[in-house]
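It should be emphasised that the depicted structure is a prediction, and the values quoted were computed from it without experimental measurement.
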Amino acid sequence: MAEGAAYPPGRRGRAGRSAAVSTSIETQPTEAPHRGESRQARAQRISTSVLIAVVGLLLLGLAFNASGTARFALSDAFDEVQLPEISLPGMPVVLVCALLCLIAAVLLFGGRMPVRVRRLLGAVAGIAVVLGFITWAASGRDLPFPMSNQFNGTLNLATPLILGALAGVLCERAGVVNVAIEGQFLTAAFAAGVVGSITQSIPAAMVGAVLAGMLMAALLAIFSIKYLVDQVVLGVVINLLAAGLTGFLFDQLVQPDSGSLNSAPIMTPIEIPGLAQIPFLGPILFRQTVLAYLAVASVILVWFLLYRTRWGLRVRAVGEHPEAADTVGIKVRAMRYQAVIVGGIFAGLGGAFFTIGSTGSFAKDFTVGKGFIALAALIMGRWHPVWAAVMALFFGFVTQMASQMQSLSTPVPSQFLELLPYVATVIAVAGLIGRVRAPAADGVPYDK
């Protein structure tokens, strides 16, 4: 009432309405400071410390099996500038990493501490786990661990995940749960493969993928916003529809004429002059495909749209308090439609990666669950575009690390290495991320 009193009756104006919505959003409960530690925070702290301790003990056991020197190559064989290899003693490095994890676990378990200290301990433990595990895998091997390939592969594998996570962020910030990222990936990959094969044009294939992603997003929007269908069930149905439709079209149309309908061109890396010649970082960051550059630009774009524009404020408003947004003149359904359709653009670009950005051909169930990993990334990233992209990079890093370890002939079974990315994701969601708060109206249909 105090805010409204500053305006004459009936003349509060657009500025007042925007201020009211902004105040409503920014005053949502986050991590409010308390004198005592809450039960939830204590449970998360203990579970995190136990998890770090278990991993530390595992590294401690691996330390005594690490023999010889671990070598790390900073350049591959085709780089013009060959950087020297880094050699580390296997057992001492793994042992130190294990002790760092155990110390961090004890400190976290011991009692309350500032959030910054907890995050610092978690970062130290995370770096120690990765360094210790890679050092153990590379110890005593004939070939060095290729660090440039590791980071290059990380960006490559994370590209579709980043785009899919951004699609989910836009949808769920507006209050629409998007479990259909997998279906959007699949249809976009199929469209990119067919259109690219017919036209032999990468831009045309990208346009086809975007349109396919927007079409699946439109289905999600219509049935969830207009017909108020349960959004989780609807997402599962759309995924099944995409799998069945693309599988049927592939068997009936594409496979019999794969020479002309399943031979799309593949993107080639584009070098940024000058920057691409920087040793180590240049080939990793500045010699990527168009989709990789678009993924990075999309993170910045979505962050700007959500947090620096009036449109983004309204999207977040309808995802937090649709009733309050409606009372100040925001069209809730229209905003949700817009957010879901715009999200479909990013999902379409992510799906295009699987064909024109990777193999140049389509196969049934080609995306192998990457849409669900993108969904996990946005949850791990707390529905924030930047943190969701970071979590996508985490999954890409672990996936690439498992592939590199297979090439080094480590004594770990290949089946476990294939499961490693998914195990790491489950551990991160369940143990390290803890309970997160989705937008208040996420998944809640608005019926005026």
J.: Can Glu172 and Leu375 be said to form a side chain to side chain contact (heavy atoms under 4.5 Å, CB included), step by step?
T.: CA-CA 10 Å; Glu172 303 207 10; Leu375 181 64; 3.7 Å; yes

J.: To the nearest 0.5 Å, tell me how far Leu143 CG sits from Gln404 CD.
T.: 11.0 Å

J.: Taking atom types as modelled, find out whether Gln400 and Asn149 have a side-chain donor-acceptor pair closer than 3.5 angstrom.
T.: no

J.: Do the side chains of Leu301 and Phe346 get nearer than 4.5 Å, heavy atoms only?
T.: yes

J.: Indicate yes or no for a side-chain donor-acceptor contact from Ser139 to the backbone of Thr135 under 3.5 Å, with no hydrogens or angles considered.
T.: yes

J.: Does any part of the side chain of Arg287, heavy atoms only, come nearer than 4.5 Å to the side chain of Ile270, both counted from C-beta?
T.: no

J.: Donor-acceptor check, side chain of Ser358 to backbone of Thr355, threshold 3.5 angstrom: yes or no?
T.: no

J.: Looking at every non-hydrogen atom in both residues, tell me the closest pair between Ser224 and Val176 and how far apart they are.
T.: OG-CG1, 3.8 Å

J.: Taking all non-hydrogen atoms of both residues, which atom of Gly208 and which atom of Val195 are closest, and how far apart?
T.: CA-CG2, 4.4 Å

J.: Does either side chain, that of Gln231 or that of Asp442, offer a donor lying less than 3.5 Å from an acceptor on the other one?
T.: no

J.: Run the salt bridge (charged side-chain N to carboxylate O under 4.0 Å, His left out) test against Asp326 and tell me which residues pass, sequence neighbours left out.
T.: Lys448

J.: What are the two closest heavy atoms between Phe72 and Ile134, and how far apart are they?
T.: CE2-CG2, 3.3 Å

J.: Within a radius of less than 6.0 Å around OH of Tyr307, do more than 12 heavy atoms belonging to other residues, nucleotides or ligands occur?
T.: yes

J.: Can you list the steps and then say if Leu170 with Val340 is a side chain to side chain contact (heavy atoms under 4.5 Å, CB included)?
T.: CA-CA 7 Å; Leu170 284 169; Val340 174; over 6 Å; no

J.: Excluding sequence neighbours, so at least two apart, what forms side-chain contact (heavy atoms from CB on, under 4.5 Å) with Ile222?
T.: Tyr227, Tyr337

J.: Has the side chain of Gln150 got a donor or acceptor atom that lies under 3.5 Å from a matching backbone atom of Phe397?
T.: yes

J.: Tell me if the centroids of the rings in His321 and Tyr446 come within less than 6.0 Å of each other.
T.: no

J.: Indicate yes or no for a side-chain donor-acceptor contact from Gln277 to the backbone of Pro273 under 3.5 Å, with no hydrogens or angles considered.
T.: no

J.: What are the two closest non-hydrogen atoms of Ser197 and Ala264, and how far apart are they?
T.: OG-N, 3.1 Å

J.: When you measure from the side chain of Asp365 to the backbone of Val368, do you find a donor-acceptor pair of N or O atoms at a distance under 3.5 Å?
T.: no

J.: What heavy-atom pair brings Ile330 and Ala317 nearest, and what distance separates the two atoms?
T.: CD1-CB, 4.4 Å

J.: What is the distance from atom CZ of Arg333 to atom CD1 of Ile225, rounded to the nearest 0.5 Å?
T.: 8.5 Å

J.: Do Lys364 and Thr246 have side-chain heavy atoms sitting under 4.5 Å apart?
T.: no

J.: Without swapping roles, check the side chain of Asp447 against the backbone of Leu228 for a donor-acceptor pair under 3.5 Å.
T.: no

J.: Look at atom CZ of Phe223 and say whether more than 12 heavy atoms of other residues, nucleotides or ligands are closer to it than 6.0 Å.
T.: no

J.: Is the Phe190 to Phe250 ring centre distance short of 6.0 Å?
T.: no

J.: Could you tell me the separation between the OG1 atom of Thr289 and the CG atom of Leu155, rounded to the nearest 0.5 Å?
T.: 10.0 Å

J.: Give the intermediate values and the outcome of side chain to side chain contact (heavy atoms under 4.5 Å, CB included) for residues Phe151 and Leu281.
T.: CA-CA 9 Å; Phe151 289 108; Leu281 291 179; over 6 Å; no

J.: Indicate yes or no: does Arg71 engage Asp142 in a salt bridge with an N to O separation below 4.0 Å.
T.: no

J.: For a 4.5 angstrom cut-off between non-hydrogen side-chain atoms, does Arg314 reach Thr309?
T.: no

J.: Is the shortest side-chain heavy-atom distance between Phe354 and Leu186 below 4.5 Å?
T.: no

J.: Using only atom types and a distance under 3.5 Å, with no angle test, would you say the side chain of Arg382 pairs donor to acceptor with the backbone of Trp387?
T.: no

J.: Could you check whether any side-chain heavy atom of Leu74 comes within less than 4.5 Å of a side-chain heavy atom of Ser148, counting everything from C-beta outward?
T.: no

J.: Less than 4.5 Å apart, side chain to side chain, heavy atoms only: is that true for Lys370 and Pro160?
T.: no

J.: Would you name the heavy atoms of Gly168 and Leu378 that are closest together and state the gap between them?
T.: CA-CD2, 3.6 Å

J.: Nearest 0.5 angstrom please: Leu305 CG to Trp311 CH2, how far?
T.: 6.0 Å

J.: Determine yes or no for a side-chain-to-main-chain donor-acceptor pair under 3.5 angstrom, with Arg336 supplying the side chain and Ala174 the backbone.
T.: yes

J.: Is any side-chain heavy atom of Glu271 closer than 4.5 Å to one of Phe286?
T.: no

J.: From Asn262 CG over to Leu253 CG, what is the distance, rounded to the nearest 0.5 angstrom?
T.: 11.5 Å

J.: Could you walk me through whether Phe133 and Leu58 pass the side chain to side chain contact (heavy atoms under 4.5 Å, CB included) test, one step at a time?
T.: CA-CA 10 Å; Phe133 197 58; Leu58 176 62; 5.7 Å; no

J.: Enter the distance from Ile181:CD1 to Ile238:CD1 here, rounded to the nearest 0.5 Å.
T.: 11.5 Å

J.: For Leu249, does its backbone N or O pair with a side-chain atom of Gln252 as donor and acceptor, under 3.5 Å?
T.: no

J.: Please determine whether side-chain hydrogen bond (donor to acceptor under 3.5 Å, both in side chains) holds for the pair Asn178 and Gln184, giving the CA-CA distance in whole Å, both sets of side-chain angles, and the decisive distance to 0.1 Å.
T.: CA-CA 10 Å; Asn178 190 357; Gln184 292 175 294; 3.3 Å; yes

